[in-house]
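Notes to accompany the following structure.
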Amino acid sequence: MAGLVFHLIPHTHWDREWYLTSAGFLARLVPMLDDLLVRLETEPGFRSFLLDGQTILLEDYLRVRPDHRDRVAALVRAGRLQVGPWYVLADELIPSGESLVRNLLAGTADAERLGGRLDVLYSPDAFGHPAILPTLAAEFGIRYGVLWRGLGERDGAEGDFYRWRGPDGREITIHHLPPDGYEVGAAVPAGWDRLRAVLTGRATTQHVGVMVGADHHAAHPDLAGALDEIARGEPEHEVLVSRLDEFLDQAAAASPSLPRLDGELRWSYGYTWTLQGVHGTRAALKRRNSAVELALERAAEPLAALARAAGRADALPLLSEAWRTLLRSQFHDSIGGCTSDPVARRVEARIEDAAMLAEAVARSSADALLGNDPDGARAHPEQTAPALVVWNPAARAREGVTIVDLTWFGRDVLVGPPGARTPRVGASPSAADIGEALGGIPFQLLGRAAGQERLDAARHYPDQDEVEVTRVAIRVPPVGGMGFLVTEDAGIGEPSGAAPVAARGTSLRNGLVRVDLAPDGTVTLIDLRSGARHAGLFALQSEGDVGDTYTYAAPPGDVPRRAVPVSDVGVLAGGPLVGSLALRLRLTTGNAPAGKAPGRVEARLLLSLHAGSPALRCTLELDNAACDHRLRLRLPGVAQGGSLLAGGPFGAVIREPVSADPGSYPSETPVATAPAHRWVTGRGAEGVALLAPGFFEYEHTRDGDLLVTVLRAVGRLSRDDLPTRPGHAGWPTATPLAQSLGPDRLQFALLP
């Protein structure tokens, strides 16, 4: 190709945390940026630098170097330091759609405050990309994207530029990085001949991008010298230092017609590592992230918006802090779980901080909307009375059965030195007391337990009480969209009638479905409306896993092991609103945490039906005392019909079962698993939908079976001896926390 233009694009890829914590990398980030600012200000030939497409690096830097803010802003305004559009380089398949939007909103705001955003959806290292990304880019006025993993051999990705079309038809121009990714030109001019051949062999136009940088690397030590040496060897071509957007503008102008891409990008096997095995790693951390996303999206934010619209206090600053706190845990390595254990602890702590902020905002906003004054209640307890508040977070009216925990005052907990204070003592509530507090709403008593409750108020010390927790099922009458029901109010509407639930022996039924627990511990679900019958559900099974945090690998000759019942079926609730069965299971698998004895998993499966609902609700309580295994729930035949529909960050994704010959992919075996948000369902007429509160990993077999990952228990950040991925994907660090030992609790539902 005559008249080539080689664009040297200096950059660094900076994982804020990975094998080191953010503090460990901050100690390298500050001197790197100190040096970079001087060079950008003083070296004429060093005209631009790409700071990895995320603004959090400057947030960290300016926290340590606040006196350098004006210098940074001047370089950003001049286009010499390119920042954004992301706040963090997140995983794009695990976080919710709202998290991805908030990520771009935060990154855009930070970049604009400093002088301007890089209008390129830069994603050099994420482990796959959702189909919605072109639409998301268009919503933010972004015309270009840069990516690496997820696009490769199966898509015929032989060139460096494509047009990627979103579900709504909007498109962006994509620059696909070469097989060696963003670090391809880190050592230029060394290895130029080989690099040149790779890049020009993929070039769609005469414009050839050369990424000059790598993980946690300071700026190239002699960029001008590298340019001069390359230019001397390319007398017929042009070599220059370019900004990323300049390169993309010129390449796009020279290529009016490009190959088109549609759908999600999750396959780069045979091109570069895709590393989709992270979706099952540290699974409990991913579930907790989803729970906090849900708390922000469905509770804290709507309640705060309603309170603000009603003239109450503005919680937006606290919500913004909650979102940023959560986003800091959504780096592709962080939420992917492929980090060291000290990093995983910090990720978990940040998620919990975001949870506490979400809960506080939701409670204070609800108090403001309902006129509940915690200070007034403390000053005049005689003027208070127990009542239940039900809020409907959906935009549509809803009714039905739900389960609530009512707390009843039992005894004051006195804090401080002993004195003359005498603790108050309360009485256990009778059925009549419960009925009165519920305002006549039908209820079913499920259980009682002792507990502790702390009530906070702005002008008082906390009030700590011993309480009795009464768990009840209630049949909630219709509640309007975003509406409240308060049981002390008059005029509560009557709930619509529904056939009662009956629990007998090993069965549940409610007129819509029947559930039977088999002697082997599996579940049969029968749709009484259609006659469809699904047997063998929720078989808990384990396979050996000698992989690492990136990649699953089965031991040679491994055979899955099934959990077996170790107790009789117990009826926990007999109806009429809720029926529940419980069964204990045990599984011998893997290795014990200490020594070479076999490991063990103890489990308790709880199955529930509600009156008026065909959904089978399932809770799995675990105690994992086994290492080096993958624990999954098998649901045979529920995803018939070939392809299935899976929930994604922004909607449904159609997927086929994965079938690939490992021998055709010696550098990385394609995984059969896939990520999902909230649900998956077969497309057959008699299929079953699996519902979940957030993110999970599943496998869909060609026989129509669905396997849901409960956990992957692995002990190394990276290994180099895996049959499914030879070579280290990270540094070989021990990760005992990634063995996922100890208790856990998961919830699912099945809907015929």
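- Here the CD-CZ distance, from Glu293 to Phe695, works out to 10.5 Å after rounding to the nearest 0.5 Å.
- Scanning both residues, His13 and Asp125, for their nearest heavy atoms gives NE2-OD2, 3.4 Å.
- The aromatic ring centroids of Tyr19 and Phe25 lie less than 6.0 Å from each other.
- Looking at Asp91, its side chain never comes within 3.5 Å of a backbone N or O of Gly336 through a donor-acceptor pair.
- For the pair Ile230 and Val210, the minimum side-chain heavy-atom distance is 4.5 Å or more.
- The shortest side-chain heavy-atom distance between Gln276 and Arg266 falls under the 4.5 Å cut-off.
- Taking the six-membered ring where tryptophan is involved, the planes of Trp148 and Tyr182 are perpendicular, since the angle between them exceeds 60° and thus also 30°.
- Around atom CD of Glu359, no more than 12 heavy atoms belonging to other residues, nucleotides or ligands sit under 6.0 Å away.
- Nearest heavy atoms, Thr12 versus Asp52: O-CB, 3.2 Å.
- Here the side chains of Leu26 and Arg63 are in contact, with some heavy-atom distance below 4.5 Å.
- Taking the six-membered ring where tryptophan is involved, the planes of Tyr550 and Phe127 are perpendicular, since the angle between them exceeds 60° and thus also 30°.
- Using modelled atom types, no side-chain atom of Glu697 and backbone atom of Ala674 make a donor-acceptor pair closer than 3.5 Å.
- Applying the 6.0 Å contact sphere to CG of Asp67 captures more than 12 heavy atoms from other residues, nucleotides or ligands.
- Ring-plane geometry between His176 and Tyr271 is classed as parallel, the angle between the planes falling under 30 degrees on a 0 to 90 degree scale with a further cut at 60.
- Aromatic ring centres of His175 and Tyr144 lie farther apart than the 6.0 Å criterion allows.
- One finds the CG atom of Asp333 at 11.5 Å from the OG1 atom of Thr281 (value rounded to the nearest 0.5 Å).
- At a threshold of 4.0 Å, the pair Arg350-Asp353 does not count as salt-bridged, since none of the basic side-chain nitrogens sits closer than that to a carboxylate oxygen.
- Residue Ala214 comes nearest to Ala186 through the heavy atom pair CB-CB, 4.0 Å, listed as atom of the first residue, atom of the second, then distance.
- Under the salt bridge (Lys or Arg N to Asp or Glu O under 4.0 Å) rule, Asp744 has a single partner from Arg287, Lys286, Arg288, which is Arg287.
- The backbone N or O of Ser667 sits less than 3.5 Å from a side-chain atom of Trp273, completing a donor-acceptor pair.
- Between Tyr87 and Trp323, the ring centre distance reaches or exceeds 6.0 Å.
- Remark: side-chain polar atoms of His129 are paired, donor with acceptor, to backbone N or O of Arg149 under 3.5 angstrom.
- Paired with Asp548 under the rule side chain to side chain donor-acceptor pair (under 3.5 Å), one option of Arg716, His728, Arg719, Arg725 passes, and it is Arg725.
- For Arg71 and Glu41, the salt-bridge test passes: some basic side-chain N is under 4.0 Å from an acidic carboxylate O.
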Query raised in the report: Under the side chain to side chain contact (heavy atoms under 4.5 Å, CB included) criterion, do Thr21 and Val343 qualify, and how do the steps go?
Result: CA-CA 5 Å; Thr21 66; Val343 170; 4.1 Å; yes
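- Side-chain contact between Leu303 and Val361 is absent, with no heavy-atom pair separated by less than 4.5 Å.
- With rounding to the nearest 0.5 angstrom, the OG atom of Ser96 is 6.5 Å from the CD atom of Gln330.
- Under the 4.0 Å criterion applied to side-chain N and carboxylate O atoms, Asp314 and Arg308 are assigned as salt-bridge partners.
- In this structure, a donor-acceptor pair under 3.5 Å is present between the side chains of Thr274 and Ser268.
- A side chain to side chain donor-acceptor pair (under 3.5 Å) with Arg282 is found for exactly one of Thr549, Asp341, Thr735, namely Asp341.
- The closest donor-acceptor contact from the side chain of Asn103 to the backbone of Val88 lies under 3.5 Å.
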Requested in this report: Check the pair Arg102 / Glu98 against side chain to side chain contact (heavy atoms under 4.5 Å, CB included), numbers first and verdict last.
Outcome: CA-CA 6 Å; Arg102 296 310 173 111; Glu98 189 66 22; 2.7 Å; yes
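- Of the possible donor and acceptor atoms, one in the side chain of Gln82 sits under 3.5 Å from a partner among the backbone N and O of Leu244.
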Report task. Show the numbers, then the answer: is there a side chain to side chain contact (heavy atoms under 4.5 Å, CB included) between Tyr61 and Val30? Result -> CA-CA 6 Å; Tyr61 177 70; Val30 171; 4.1 Å; yes
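- Looking at Arg28, its side chain never comes within 3.5 Å of a backbone N or O of Gly24 through a donor-acceptor pair.
- Using a cut-off of 4.0 Å between Lys/Arg side-chain N and Asp/Glu carboxylate O, Glu297 and Arg678 are scored as salt-bridged.
- Salt-bridge annotation for Asp110 and Arg324: present, with a side-chain N of the basic residue lying under 4.0 Å from a carboxylate O of the acidic one.
- You'll find the side chain of Pro675 stays beyond 4.5 Å of the side chain of Ile94, heavy atoms only.
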Query - Steps toward side chain to side chain contact (heavy atoms under 4.5 Å, CB included) verdict (Trp86, Ile56) - result: CA-CA 8 Å; Trp86 299 103; Ile56 195 169; over 6 Å; no
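- Separating the CG atom in Leu58 from the CG atom in Leu81 is a distance of 6.0 Å, to the nearest 0.5 Å.
- The backbone N or O of Ala729 lies less than 3.5 Å from a partner atom in the side chain of Ser718, making a donor-acceptor pair.
- Scanning all heavy atoms of the two residues, the minimum distance from Leu622 to Val710 falls at CD1-CG1, 3.2 Å.
- Using a 4.5 Å heavy-atom cutoff, the side chains of Phe49 and Leu33 are not in contact.
- With salt bridges taken as basic N to acidic carboxylate O contacts below 4.0 Å, none links Arg363 and Asp456.
- Separation of atoms CD1 (Ile351) and CG (Asn289) is listed at 4.5 Å; rounding is to 0.5 Å.
- Nearest heavy-atom pair across Leu223 and His220 is N-ND1, 3.5 Å.
- Annotation: side chain of Val241 is in contact with side chain of Pro10 (closest heavy-atom distance under 4.5 Å).
- Counting all heavy atoms, side chain and backbone alike, Ser740 lies closest to Asn624 at O-ND2, 3.0 Å.
- A heavy-atom distance below 4.5 Å is found between the side chains of Leu89 and Pro124.
- Between Arg16 and Glu59 there is no salt bridge, since none of the side-chain N atoms of the basic residue sits less than 4.0 Å from a carboxylate O of the acidic one.
- With rounding to the nearest 0.5 Å, the separation of CG in Leu36 from CZ in Phe46 is 5.5 Å.
- His629 contributes no side-chain N or O that, together with a main-chain N or O of Asn591, makes up a donor-acceptor pair within less than 3.5 Å.
- With Thr551 contributing its side chain and Gly547 its backbone, the two residues share no donor-acceptor pair below 3.5 Å.
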